Each structure stands twice: as C-alpha cells, then as structure tokens.
S.K.: 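The structure that follows is given in the form of structure tokens.
Only heavy atoms go into these numbers, but all of them, side chains included; no hydrogens, no water, no symmetry mates. This one's a predicted model, so the numbers in the text were calculated from it and none came from an experiment.
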Amino acid sequence: MLTALHNIHLSPSNLDARIQALENLPSLVPNTATASTTPASPPTLSLLPCGTLATALPAPTAGAPFFPPAAAISPHLRTQILAGNNINLVKILLGSEVQEKCMVDCGDVSVLLKDNDLRLSNRLTMPEFNVAFGVFREVICDVYPERRAGLDTYLAIISDLAMTYGGTLFYEYHKSFSAKSAMYIQWLNQRLDWSAVALALISRHFAGHRVLSCSLCGTFTHTPSLCQVNPMIHSPMCYNFNENVCTFRTAEMGIQNPFVPVECMLPPKRESKANACQNPRTRRSTE
C-alpha cells in the first residue's frame, strides 16, 4: 500500500520531466495557424532534376513512323543504285510511274527502247532533291553503312550551293558529279569521295554566276528575311513628294520605300523653257 502511494506521488514529477523534454525537442508538426497564412516557398532550381542528352531515356512514341512514298522504288532501280550506275533522281520520285527500258528482240537485231517520259528531264528543286537523295542514300547505306558519312556531307555541300547561288544550278552540279562517279566505277573500278567538292565542276557550272546576297545589308551569310536591318529605318527618304518629281530613284536600288508615292518613283520630267519661266521656283533659282 505504501509502495503504491509512493509511485502515485512520483508520477506527477515524472510527467513534468517528460513534458519538459518534449518541449526541448524541435517541432515536427507544422503550426497550422502560421501555415495557413504563410505561402509555401517554391522549390529552387538547384533541387529540380536536370537531364541531359546522355542520361535522357526514350519517350513513348506518340505518332506513327514515317515512310516516304518515294521509298517504294522498283527492284530494278534498287539494283542500279547498288551497282553504282548514274541514277536520275526523278525516277525515285516518280516510283512505279516510270516505265523501265525494255528490249525488243527482232531475231538477229535487238532494239532497246529508251525512256520517252518528258518528266525525266525536269530539274529538281531543293525539297525534291532532299527527298529523292534521301532514298538514294538509304538504299546504299543499307548495304554499305560506311558510306553514310560521305553522303551526308555531300547533301550538305548541295544545300550550301543551293543557298549560295539559288535556282537549280546545284542540280546541274549533281548530274555532272553523278555521271563522273559512275564513269570512275565502270571504267577505272574506283569510287569517288562524295564528301569532297569537285572544283572543276564548280568552275564549270557556277563561273560567271552571281552569289546571292542580302538586299538590305549586302552580306552573303543570310537572306533578307533573316537580316537585322530594318528596311523602314534604312530606306532613303524622298522630300519631293509634293512636286510629283523625284530625282532619287529608289526602284533602281532594289529598296522599297514606303514613304515615296508611286508617281514619285517615275523618272523626272524635263520642263520646257516656257514652263520653266512660268515656274516660280525655277525663276527664283535662275535669278
């Protein structure tokens, strides 16, 4: 009985010690009064995960794989590409629409009928060339994967020529280079390096042609659509718009001036002596 009373007497003192020990510990439960009024601070950028191309995992495919329509070429054309023959890239774009050459056996004489499709003589634009040459490259690289680097460099050379000179001169260079490559394979059993620029063909097809330049700043590194020069600021201003005569021809410089009316761009009219005497401005200048 005395032991129980002694324990009851010590329990309040032990309870006070436990409460004091809990008050000294850091608070693990946030204060609801302050948490409701204080907004949560956003996470800093250092805490966010930063991925790189080396560590990135492939994302799930959201679309369908692309299959170019021009890739459905005939087995005969595929065999010609792998043999190193001179290939007309228009045939790759036309696909099954092109009729292959046929041999007509007439007994002692055999006649080879050539292609009579006029579309085969068309010059390809740069987008058409990219599609056709992409199929040509994939056919070769499926069998000879070591050729991919050289063909990629050749496509970059053609793209640079198309951007530098414009038009379809790049396609004339390609036809000459393709014919030269086929001749080296058939006659010399040598394979040309497609990643090297043929300087002789550059001189043949591009000599005398003007390099495209920006009409606003005159540089050769970009087109007018990518120029930083504002044509509204750098275009010349005409001060004779009230006289219907402009001595500064903006049309000859290739600059469209929005401040010059159409009639002001016309060549100045020569006044006769009678009209010049009646004009007060001309009379004061002569006096």
S.K.: Indicate the atoms forming the closest heavy-atom contact of Met126 with Ala162, along with that distance.
M.R.: SD-CB, 3.7 Å
S.K.: Start with the C-alpha gap between Asn86 and Gln80, add the side-chain angles, then the distance that decides, and say whether side-chain contact (heavy atoms from CB on, under 4.5 Å) holds.
M.R.: CA-CA 8 Å; Asn86 185 19; Gln80 289 184 346; over 6 Å; no
S.K.: For residues Met163 and Leu124: do they belong to one hydrophobic cluster (side chain heavy atoms under 4.5 Å, members Ile, Leu, Val, Met, Phe, Trp, Tyr)?
M.R.: no
S.K.: List the atom of Asn88, the atom of Leu120, and the distance in Å for their closest heavy-atom pair.
M.R.: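 Scanning both residues completely, I find the closest heavy atoms to be ND2-O, 2.8 Å.
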S.K.: Quick one: closest heavy-atom pair of Phe136 and Leu89, and the distance?
M.R.: CB-CD2, 4.3 Å
S.K.: Tell me, which pairs form a salt bridge (Lys or Arg N to Asp or Glu O under 4.0 Å) where one or both residues lie in residues 190-199, sequence neighbours left out?
M.R.: none
S.K.: Tell me every residue that passes side chain to side chain contact (heavy atoms under 4.5 Å, CB included) with Ile157, counting only those two or more places apart in sequence or in another chain.
M.R.: Thr153, Leu161, Val197
S.K.: Go through the structure and list residues passing salt bridge (Lys or Arg N to Asp or Glu O under 4.0 Å) with Lys175, not counting sequence neighbours.
M.R.: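 Lys175 satisfies salt bridge (Lys or Arg N to Asp or Glu O under 4.0 Å) with Glu172 once adjacent residues are dropped.
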S.K.: Quick one: salt bridge (Lys or Arg N to Asp or Glu O under 4.0 Å) partners of Asp152, sequence neighbours excluded?
M.R.: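 With sequence neighbours excluded, Asp152 shows a salt bridge (Lys or Arg N to Asp or Glu O under 4.0 Å) to Arg137, given in chain and number order.
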S.K.: Restricting to side-chain hydrogen bond (donor to acceptor under 3.5 Å, both in side chains), what partner residues turn up for Arg78, sequence neighbours left out?
M.R.: none
S.K.: What closest approach, in Å, do Ile158 and Tyr173 show between heavy atoms, and which atom pair accounts for it?
M.R.: CD1-CD2, 3.6 Å
S.K.: For Arg148, give me all partners under salt bridge (Lys or Arg N to Asp or Glu O under 4.0 Å), at least two apart in sequence or on another chain.
M.R.: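 Here the qualifying residues are Glu138.
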S.K.: Is Leu192 reachable from Ile185 through a run of I, L, V, M, F, W or Y residues, each pair having side-chain heavy atoms under 4.5 Å apart?
M.R.: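 Unlinked, Ile185 and Leu192 end up in two clusters.
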S.K.: Minimum heavy-atom separation for Phe177 and Ala196, please, with both atom names.
M.R.: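 Closest approach of Phe177 to Ala196: CE1-O, 4.4 Å.
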S.K.: In chain order, what residues pass the side-chain hydrogen bond (donor to acceptor under 3.5 Å, both in side chains) check against Thr79, with sequence neighbours excluded?
M.R.: none
S.K.: With a 3.5 Å distance limit and no angle check, can you tell me whether Ser74 reaches the backbone of Leu77 through a side-chain donor-acceptor pair?
M.R.: yes
S.K.: Restricting to pairs with a member in residues 198-215, which pass salt bridge (Lys or Arg N to Asp or Glu O under 4.0 Å), not counting sequence neighbours?
M.R.: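 Listed once each, the pairs would be none.
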S.K.: Please name all residues satisfying side chain to side chain contact (heavy atoms under 4.5 Å, CB included) with Thr52, sequence neighbours left out, ordered by chain then number.
M.R.: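 Checked Thr52 against side chain to side chain contact (heavy atoms under 4.5 Å, CB included); matches are Ala54, Thr55.
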S.K.: Would you give the length of the straight line joining atom OG of Ser178 to atom OH of Tyr154, rounded to the nearest 0.5 angstrom?
M.R.: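 Here the interatomic distance stands at 7.0 Å.
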S.K.: In chain order, what residues pass the ring-ring contact (aromatic ring centres under 6.0 Å, His included) check against Phe129, with sequence neighbours excluded?
M.R.: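 Scan of Phe129 (ring-ring contact (aromatic ring centres under 6.0 Å, His included), adjacent residues dropped) gives Phe133, Phe170, His174.
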S.K.: Leu169: what forms a side chain to side chain contact (heavy atoms under 4.5 Å, CB included) with it, not counting sequence neighbours?
M.R.: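 Applying side chain to side chain contact (heavy atoms under 4.5 Å, CB included) to Leu169 gives Tyr165, Phe206, His209.
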S.K.: Looking at Asp142, I want to see if its CG is surrounded by more than 12 non-hydrogen atoms of other residues, nucleotides or ligands under 6.0 Å.
M.R.: yes
S.K.: Please list, chain by chain and in numerical order, all residues satisfying side chain to side chain contact (heavy atoms under 4.5 Å, CB included) with Gln190, sequence neighbours excluded.
M.R.: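 Residues passing side chain to side chain contact (heavy atoms under 4.5 Å, CB included) with Gln190: Tyr184, Leu188.
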S.K.: Can you list the steps and then say if Ile92 with Ile81 is a side-chain contact (heavy atoms from CB on, under 4.5 Å)?
M.R.: CA-CA 10 Å; Ile92 298 179; Ile81 293 175; 4.3 Å; yes
S.K.: What verdict does the side-chain contact (heavy atoms from CB on, under 4.5 Å) test give for Gln186 and Asn85, after you've listed the backbone C-alpha separation in whole Å, the side-chain angles of each residue and the deciding distance to 0.1 Å?
M.R.: CA-CA 8 Å; Gln186 295 175 2; Asn85 297 337; 3.3 Å; yes
